[in-house]
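For ligands, and for the atoms within them, numbers begin at 1 and follow the listed sequence. Positions are given from 1, in the same order as the sequence printed here. Just so it is clear, the structure is predicted and the values come from calculations on it, not from any experiment.
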Amino acid sequence: MPLFPVDNGDRKPIGGDTVSAIGLGTWAIRNPRRAFEALVEAIETGLVDNIDTAEMYGEGTAEELVGEVLRKVGRERVFVTTKVLPWRLRSFEELEKAIRASLRRLGVETVDLILIHWPLEGMPVSEQVRRLEKIAIGKGYARYIGVSNFDDRELEEALHATASAEIVVDQVHYSVLHRRWVEEKLLPLALRNNVTIQAYTPLERGRVAEHPVVRRIAERVGRTPIQVALNYLISRPRVVAIPKTENREHLREILGAMGWRLTEDAIEELERIGE
Ligand SMILES: NC(=O)c1ccc[n+]([C@@H]2O[C@H](COP(=O)([O-])OP(=O)(O)OC[C@H]3O[C@@H](n4cnc5c(N)ncnc54)[C@H](OP(=O)(O)O)[C@@H]3O)[C@@H](O)[C@H]2O)c1
């Protein structure tokens, strides 16, 4: 039996919404035009409806690009996640200014989800989360709040800290090659608390396709190694994978990771690899 019951659906809950099991990231974009085209194509297929960005990415230019995509495809078609830099949390004024700047770059009045990009050293997690809740939710800038790069103890503290909003997401590094801690510690806690895990660097920047076990399974099931690596992640309940691509061929390969599932045997085989 795999470690978790296989989730056969290509829609995943985030708070009271559902999003596609694969969303797209926007870190380290090299060619904004190509990235724009790939993101628009992804949304227009109807297969992808969530995009991940951050004030940090390209120093705001990734948010601006996502803003352009939203204007092209229609704001209502995309669940947008962005992230504030942790040190913004040091003052309410700074936090509000940073969030308003993100919204301005995105060209939206409200973002769907705002995450703390990583925990701020020197401030209790509970205080960080309360500050984000007060400004992001309290002032209507975000529909949901969450965290990123929080370990299981930090997530647990965050879950208990909010006044009335829920922590709906922890976005962490999770791939078939980097899986143990997530599967042993974080995902069980997330599942008990209705927290969705957004899996970042799910392709290890392409390296997943080189692993012999991933390749062998891909050959056996008639899919590509990239598709096997992503399918492994989305077969987990409450896991959304957010690969990044600015290449439409790569995008089509990524989209082909949905609509089918690895067998339980194949998932178990993959559970034996990775750190
Ligand atoms: N919260 C955080 O701290 C954090 C940290 C890291 C990342 N993230 C988010 O997660 C997203 C994804 O993570 P990531 O960008 O680190 O890594 P990734 O998605 O594992 O890898 C992206 C790289 O893989 C390439 N690629 C995409 N599809 C491919 C395919 N089908 N075949 C071969 N190569 C392919 C991309 O190049 P092409 O563009 O040329 O296709 C890109 O260079 C980021 O963009 C960001 O939104 C969040």
Asks: Run the numbers for me: atoms of ligand 1, each under 4.0 Å from some heavy atom of His117, listed by number.
Replies: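 Checking each atom against His117, I get 1 (N), 2 (C), 3 (O).
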
Asks: Is there a polar contact between ligand 1 and Pro243, counting only N or O atoms under 3.5 Å apart?
Replies: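 No, Pro243 has no N/O under 3.5 Å of an N/O on ligand 1.
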
Asks: Look at the side chain of Glu246 and the backbone N and O of Asn31, then say whether any donor-acceptor pair between them is shorter than 3.5 Å.
Replies: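 Indeed, once roles are kept as given, a pair shorter than 3.5 Å links the two residues.
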
Asks: Identify, for atom 22 (C) of ligand 1, the protein heavy atom at the shortest distance, and state residue, atom and that distance.
Replies: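 Checked against all protein heavy atoms, atom 22 (C) of ligand 1 sits closest to Lys244 O, 3.5 Å.
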
Asks: Could you tell me the residue and atom name of the protein heavy atom closest to atom 31 (N) of ligand 1, and the distance to it rounded to 0.1 Å?
Replies: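 Heavy-atom neighbour on the protein nearest atom 31 (N) of ligand 1: Glu253 OE1, 2.8 Å.
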
Asks: Run down the list Ile242, Ile116, Thr201, Thr224 and name the one with the heavy atom closest to atom 18 (P) of ligand 1.
Replies: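 Selected option, by shortest heavy-atom distance: Thr201.
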
Asks: Between Ala35 and ligand 1, which residue portion shows a heavy-atom distance shorter than 4.0 Å: side chain, backbone, both, or neither?
Replies: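 Neither part.
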
Asks: Distance-only, no hydrogens or angles: does the Gln171 side chain make a donor-acceptor pair with backbone N or O of Ala199 under 3.5 Å?
Replies: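 No, Gln171 side chain to Ala199 backbone: no donor-acceptor pair under 3.5 Å.
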
Asks: For Arg30, which part has a heavy atom under 4.0 Å from ligand 1: side chain, backbone, both, or neither?
Replies: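 Only the side chain of Arg30 comes within reach of ligand 1.
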
Asks: For ligand 1, which atoms, with element, lie under 4.0 Å from some heavy atom of Asn247?
Replies: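 In order of numbering, the contacting atoms are 41 (O).
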
Asks: Going by the order shown, which atoms of ligand 1 are within less than 4.0 Å of some heavy atom of Tyr57?
Replies: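 In order of numbering, the contacting atoms are 4 (C), 8 (N), 9 (C), 46 (C), 47 (O), 48 (C).
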
Asks: So, for His117 and Tyr57, is the gap between ring centers shorter than 6.0 Å?
Replies: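 Centroid distance His117-Tyr57: below 6.0 Å, so yes.
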
Asks: Please identify which atoms of ligand 1 are closer than 4.0 Å to at least one heavy atom of Asn149.
Replies: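 Listed by number with element: 1 (N), 2 (C), 3 (O).
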
Asks: Can Asn50 and Thr81 be counted as having a side-chain donor-acceptor contact under 3.5 angstrom?
Replies: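 Not at all, the side chains of Asn50 and Thr81 share no donor-acceptor pair under 3.5 Å.
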
Asks: For the atom pair CG (Asp52) and CH2 (Trp27), what is the distance rounded to the nearest 0.5 Å?
Replies: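 Here the interatomic distance stands at 11.5 Å.
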
Asks: Going by heavy atoms, is Ala28 under 4.0 Å from ligand 1?
Replies: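 Contact absent.
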
Asks: Does His173 have a heavy atom less than 4.0 Å from any atom of ligand 1?
Replies: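 No, His173 has no heavy atom closer than 4.0 Å to ligand 1.
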
Asks: Would one find an N or O of His250, backbone or side chain, under 3.5 Å from an N or O of ligand 1?
Replies: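 Yes, His250 has an N/O under 3.5 Å of an N/O on ligand 1.
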
Asks: Starting from atom 6 (C) of ligand 1, find the nearest protein heavy-atom neighbour and note its residue, name and distance.
Replies: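 Checking every protein heavy atom, the shortest distance to atom 6 (C) of ligand 1 gives Tyr200 CD1, 3.2 Å.
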
Asks: Is any side-chain N of the basic residue among Asp7 and Arg238 closer than 4.0 Å to the acidic one's carboxylate O?
Replies: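 Here Asp7 does not pair with Arg238 in a salt bridge, since their nearest N and O are not under 4.0 Å apart.
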
Asks: Which residue supplies the protein heavy atom nearest to atom 20 (O) of ligand 1, what is that atom called, and how far is it?
Replies: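 Atom 20 (O) of ligand 1 sits closest to the protein heavy atom Leu203 N, 2.8 Å.
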
Asks: Suppose I only count heavy atoms of Glu246 and a 4.0 Å limit; which atoms of ligand 1 are within that range?
Replies: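 Atoms satisfying the 4.0 Å criterion: 38 (P), 39 (O), 41 (O).
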
Asks: Decide, yes or no, whether a salt bridge links Lys139 with Glu96 under the criterion of side-chain N to carboxylate O below 4.0 Å.
Replies: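 A salt bridge is present here (some side-chain N lies under 4.0 Å from a carboxylate O).
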
Asks: May I ask you to list the atoms of ligand 1 that are less than 4.0 angstrom from any heavy atom of Ile254?
Replies: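 Counting atoms of ligand 1 from 1, those under 4.0 Å from Ile254 are 28 (N).
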
Asks: Are Arg236 and Tyr232 in a cation-pi setup, meaning NZ or CZ lies under 6.0 angstrom from the ring centre and within 45 degrees of the ring axis?
Replies: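 Yes, a cation-pi geometry holds between Arg236 and Tyr232.
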
Asks: If you measure only the distance, is there a donor-acceptor pair under 3.5 Å linking the side chains of Gln198 and Tyr174?
Replies: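 There is no such pair between these side chains.
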
Asks: Are Arg248 and Glu37 close enough for a salt bridge, meaning some N to O gap below 4.0 Å?
Replies: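 Yes, Arg248 and Glu37 are salt-bridged.
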
Asks: When you measure from atom 9 (C) of ligand 1 to every protein heavy atom, which one gives the shortest distance, and what is it?
Replies: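 Answer, as residue, atom name and distance: Asp52 OD2, 3.5 Å.
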
Asks: Do Thr82 and Thr53 have side-chain atoms, one donor and one acceptor, less than 3.5 Å apart?
Replies: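 Looking only at side-chain atoms, Thr53 and Thr82 do not form any donor-acceptor pair under 3.5 Å.
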
Asks: Sequence neighbours excluded and cut-off under 3.5 Å, please list the side-chain donor-acceptor pairs for residues 101-110, or say none.
Replies:
{"from": "Ser102", "atom 1": "OG", "to": "Glu63", "atom 2": "OE1", "distance (Å)": "3.2"}
{"from": "Ser102", "atom 1": "OG", "to": "Glu63", "atom 2": "OE2", "distance (Å)": "2.8"}
{"from": "Arg105", "atom 1": "NE", "to": "Glu63", "atom 2": "OE1", "distance (Å)": "2.7"}
{"from": "Arg105", "atom 1": "NH2", "to": "Glu63", "atom 2": "OE1", "distance (Å)": "2.9"}

Asks: Just to confirm my output: which protein heavy-atom neighbour is closest to atom 44 (C) of ligand 1, and how far is it?
Replies: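 Checking every protein heavy atom, the shortest distance to atom 44 (C) of ligand 1 gives Trp27 CB, 3.5 Å.
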
Asks: Looking at non-hydrogen atoms alone, which of Met56, Arg205, Gln227 comes nearest to atom 21 (O) of ligand 1?
Replies: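 Shortest heavy-atom distance from atom 21 (O) of ligand 1: Arg205.
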
